[in-house]
Trainee: 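One structure follows; several queries about it will come next.
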Amino acid sequence: MKVLIIGNGGREHAIGRKLAASPQKPTLIFAPGNPGMEALGSCFSVAAEDFRGLLSLAQSQKADLTIVGPEQPLVGGLADLFLANGLKIFGPDRAAAALEGSKAFSKDFMSRHGIPTARYRTFRALEPARAHLREVGAPIVIKASGLAGGKGAVVCMTLPEAESAIQSMLGPKAVFGAAGSEVVMEEFMEGEEASLFALTDGTSFVLLPTAQDHKRIGDGDTGPNTGGMGAYAPAPLMTPALLEEASRTIVAPTLDGMRREGAPYTGILYVGLMITPQGPKVVEYNCRFGDPETQVILPILQEDLLELILASVEGGLDRIKVAPTKEWAAVVVMASRGYPGPYETGIPISGLDQVQALANSHAIHAGTKRMQEKLVTAGGRVLGMVGQGPTLEEAIAAAYAGTAKAEFPGAQFRKDIGKKGLARL
Ligand code: AMP
Ligand code: GLY
């Protein structure tokens, strides 16, 4: 079987690595891929935004299955194009991907179906938004409705912060363009976050291992939000009772609701959860695997990912069970100096051969590229150092052992990945 994986980040490298270990021994191809994926299969320089190019690649390479890593192509309708051409693709179509593509849609959807989430109002103009702010006060969370690369949500603890967030989205110098022309203002939820992944064929679903991300740039969850600076799995916060509650009050009604609204959801539904004193509530939906969470949930998943994905695409997930994990995993993201602000690229990376020599650690490539045969940085999040072990402590130690070997000038990473998990054990 030939499988095409679309994307060029850590998530897609982790998916490729897991599929390469499948007993079905698929042939893997990537578009566009990155240097980490070159070891797993052929990379074709077709961008994830080039829908026609991707379609003709899948056709000319006779891909039996395409797996879409990032959200933009799904929100833009890549699955619709592939399905219309009779090709198998893993990921929701455009109508279903709106759960991530439009926060205004997803909040209204949750409200229609009684799915627990923060109270909210949606605004398209500055003055009504400011009037609402004066009425409800801070803390408050201000979000650009459209896709903003994980940077569209601003948690505002004070009124002036909220005022400037609204200005930056709806004011004359809007920073998110069309993505921010509609703004969701929502109640601040107290609690700890967890990432929940449901793999679904539209009707049945299985839950993959839970994970906890570390969104802020700084230790102790300080500083600005990032795409995610590290993760570990499973998340002890998600007890069996909480998992059952989240399945019953969130995942099942979400899939039922989408089906009843004529937009059945297939693929991975990633639910960002806040565990509040009133129970689990939805922070956001994503229509794809999480990054960096995928780097830790896949290594400890005992099932064949390819079998799960095929069951999602073809139906029949009701026959599949996902066993509780036996191991732990942690990933520490090594990011460029300056990230999540402006950063330089093209910085030489070394030491990955030494990471490879470690027993329980491996390196995932996120933002890397080759320049004249040399491996250099090519993004904000550059590498994911993944560790596995029989305890969370050992997994974390194995991840940090990787960060001690891999190197690039200016590399920054958090020193407290997994601490919250350890505190719960
Ligand atoms: P989002 O882009 O919606 O996932 O938001 C990014 C991050 O902002 C989340 O992971 C949370 O840490 C935080 N956040 C978003 N919405 C809320 C909320 N209503 N209450 C508290 N924190 C939030
Ligand atoms: N780790 C957060 C995300 O993938 O959106």
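Start at 1 and go down the list; that is how both ligands and their atoms are numbered. What's counted below: heavy atoms across the whole structure, side chains too, no hydrogens, waters or symmetry copies.
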Trainee: Mark up the atoms of ligand 1 that fall under 4.0 Å of a heavy atom belonging to Phe188, in ascending order.
Mentor: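 Counting atoms of ligand 1 from 1, those under 4.0 Å from Phe188 are 20 (N), 21 (C).
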Trainee: Quick one: does Thr391's side chain have a donor or acceptor within less than 3.5 Å of a partner on Trp328's backbone?
Mentor: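 Answer holds: no.
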Trainee: Ignoring hydrogens and geometry beyond distance, is a side-chain donor-acceptor pair present between Glu394 and Asn360 at under 3.5 Å?
Mentor: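 No - no donor-acceptor pair under 3.5 Å links their side chains.
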Trainee: So which heavy atom in the protein is nearest atom 18 (C) of ligand 1, and how far is it from that ligand atom?
Mentor: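 Going atom by atom, the protein heavy atom closest to atom 18 (C) of ligand 1 ends up being Val141 CG2, 3.5 Å.
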Trainee: Please verify whether a non-hydrogen atom of Lys103 lies at under 4.0 Å from ligand 1.
Mentor: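 Yes, Lys103 has a heavy atom closer than 4.0 Å to ligand 1.
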Trainee: As an exercise, identify every atom of ligand 1 less than 4.0 angstrom from a heavy atom of Met274.
Mentor: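 Counting from 1, the qualifying ligand atoms are 21 (C), 22 (N).
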Trainee: Any idea which atoms of ligand 2 are less than 4.0 Å away from a heavy-atom of Pro292?
Mentor: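 Contacts of ligand 2 toward Pro292, numbered from 1: 1 (N).
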Trainee: Before giving the answer on side-chain contact (heavy atoms from CB on, under 4.5 Å), spell out for Asp221 and Arg414 the whole-Å C-alpha distance, their side-chain angles and the decisive distance to 0.1 Å.
Mentor: CA-CA 9 Å; Asp221 295 332; Arg414 279 181 62 161; 3.0 Å; yes
Trainee: Looking only at the side chains, is there a donor atom on one of Thr254 and Tyr285 sitting less than 3.5 Å from an acceptor on the other?
Mentor: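 Side chains of Thr254 and Tyr285: pair found under 3.5 Å.
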Trainee: Heavy-atom contact under 4.0 Å between Gly227 and ligand 2?
Mentor: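 Right, Gly227 reaches ligand 2.
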Trainee: Is the closest basic N to carboxylate O distance between Arg370 and Glu38 below 4.0 Å?
Mentor: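 Counted as a salt bridge, because a side-chain N and a carboxylate O are separated by less than 4.0 Å.
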Trainee: Hey, which atoms in ligand 1 end up nearer than 4.0 Å to a heavy atom of Glu193?
Mentor: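 That gives atoms 9 (C), 10 (O), 11 (C), 12 (O) of ligand 1.
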Trainee: Can you list every pair that meets salt bridge (Lys or Arg N to Asp or Glu O under 4.0 Å) and has a residue in residues 235-253, with sequence neighbours left out?
Mentor: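 Every pair satisfying salt bridge (Lys or Arg N to Asp or Glu O under 4.0 Å) with a residue in residues 235-253: Glu244-Arg248.
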Trainee: With a cut-off of 4.0 Å, which atoms of ligand 1 are near a heavy atom of Glu186?
Mentor: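 Within the 4.0 Å cut-off of Glu186, ligand 1 contributes 16 (N), 17 (C), 18 (C), 19 (N).
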Trainee: Look at Glu344 together with Arg337 and state whether they make a salt bridge at an N to O cut-off of under 4.0 Å.
Mentor: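 No, this pair does not count.
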Trainee: Please identify which atoms of ligand 2 are closer than 4.0 Å to at least one heavy atom of Gly290.
Mentor: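 Ligand 2 atoms under the 4.0 Å threshold to Gly290: 4 (O).
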Trainee: For atom 5 (O) of ligand 2, which of the options Arg288, Glu71, Gln295 provides the nearest non-hydrogen atom?
Mentor: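 Among Arg288, Glu71, Gln295, the closest heavy atom to atom 5 (O) of ligand 2 belongs to Arg288.
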Trainee: I'd like to know if Lys103 and Glu186 make a salt bridge, using a cut-off of under 4.0 Å between side-chain N and carboxylate O.
Mentor: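 No, no charged N to carboxylate O under 4.0 Å.
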Trainee: Using only atom types and a distance under 3.5 Å, with no angle test, would you say the side chain of Thr276 pairs donor to acceptor with the backbone of Pro280?
Mentor: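 It does not hold such a pair.
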Trainee: Indicate whether any N or O donor in one side chain lies under 3.5 Å from an N or O acceptor in the other, for Gln295 and Asp291.
Mentor: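 Distance-only check passes for Gln295 and Asp291.
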Trainee: Hey, looking at atom 14 (N) of ligand 1, which of Val155, Asn225, Asp213 has the closest heavy atom?
Mentor: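 Nearest option to atom 14 (N) of ligand 1, by heavy atoms: Val155.
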Trainee: Under 4.0 Å from a heavy atom of Asp213: give me the atoms of ligand 2 that qualify, with their elements.
Mentor: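 Those qualifying, in numeric order: 1 (N), 2 (C).
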Trainee: Could you tell me which atoms of ligand 1, counted from 1 in the order shown, lie closer than 4.0 angstrom to a heavy atom of Lys143?
Mentor: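 Once the distances to Lys143 are compared, the set is 3 (O), 15 (C), 16 (N).
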Trainee: For ligand 2, is there an N or O atom under 3.5 Å from any N or O atom of Arg11?
Mentor: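 In this structure, Arg11 places no N or O atom under 3.5 Å from an N or O of ligand 2.
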Trainee: Which bit of Glu293 is near ligand 2, meaning a heavy atom under 4.0 Å away: side chain, backbone, both or neither?
Mentor: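 Looking at Glu293 and ligand 2, just side chain atoms fall under 4.0 Å.
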Trainee: Cut-off 3.5 Å, side chains only: do Thr368 and Asn34 have a donor facing an acceptor?
Mentor: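 Note: Thr368 and Asn34 side chains miss the donor-acceptor criterion.
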Trainee: Got an N/O contact under 3.5 Å between Ala153 and ligand 1?
Mentor: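 By distance alone, the answer is no.
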Trainee: Can you tell me which residue and heavy atom of the protein come closest to atom 20 (N) of ligand 1, and the distance to 0.1 Å?
Mentor: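 Result: Met189 N, 2.8 Å.
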Trainee: Of all the atoms in ligand 1, which lie at a distance below 4.0 Å from a heavy atom belonging to Lys215?
Mentor: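 The atoms of ligand 1 under 4.0 Å from a heavy atom of Lys215 are 10 (O).
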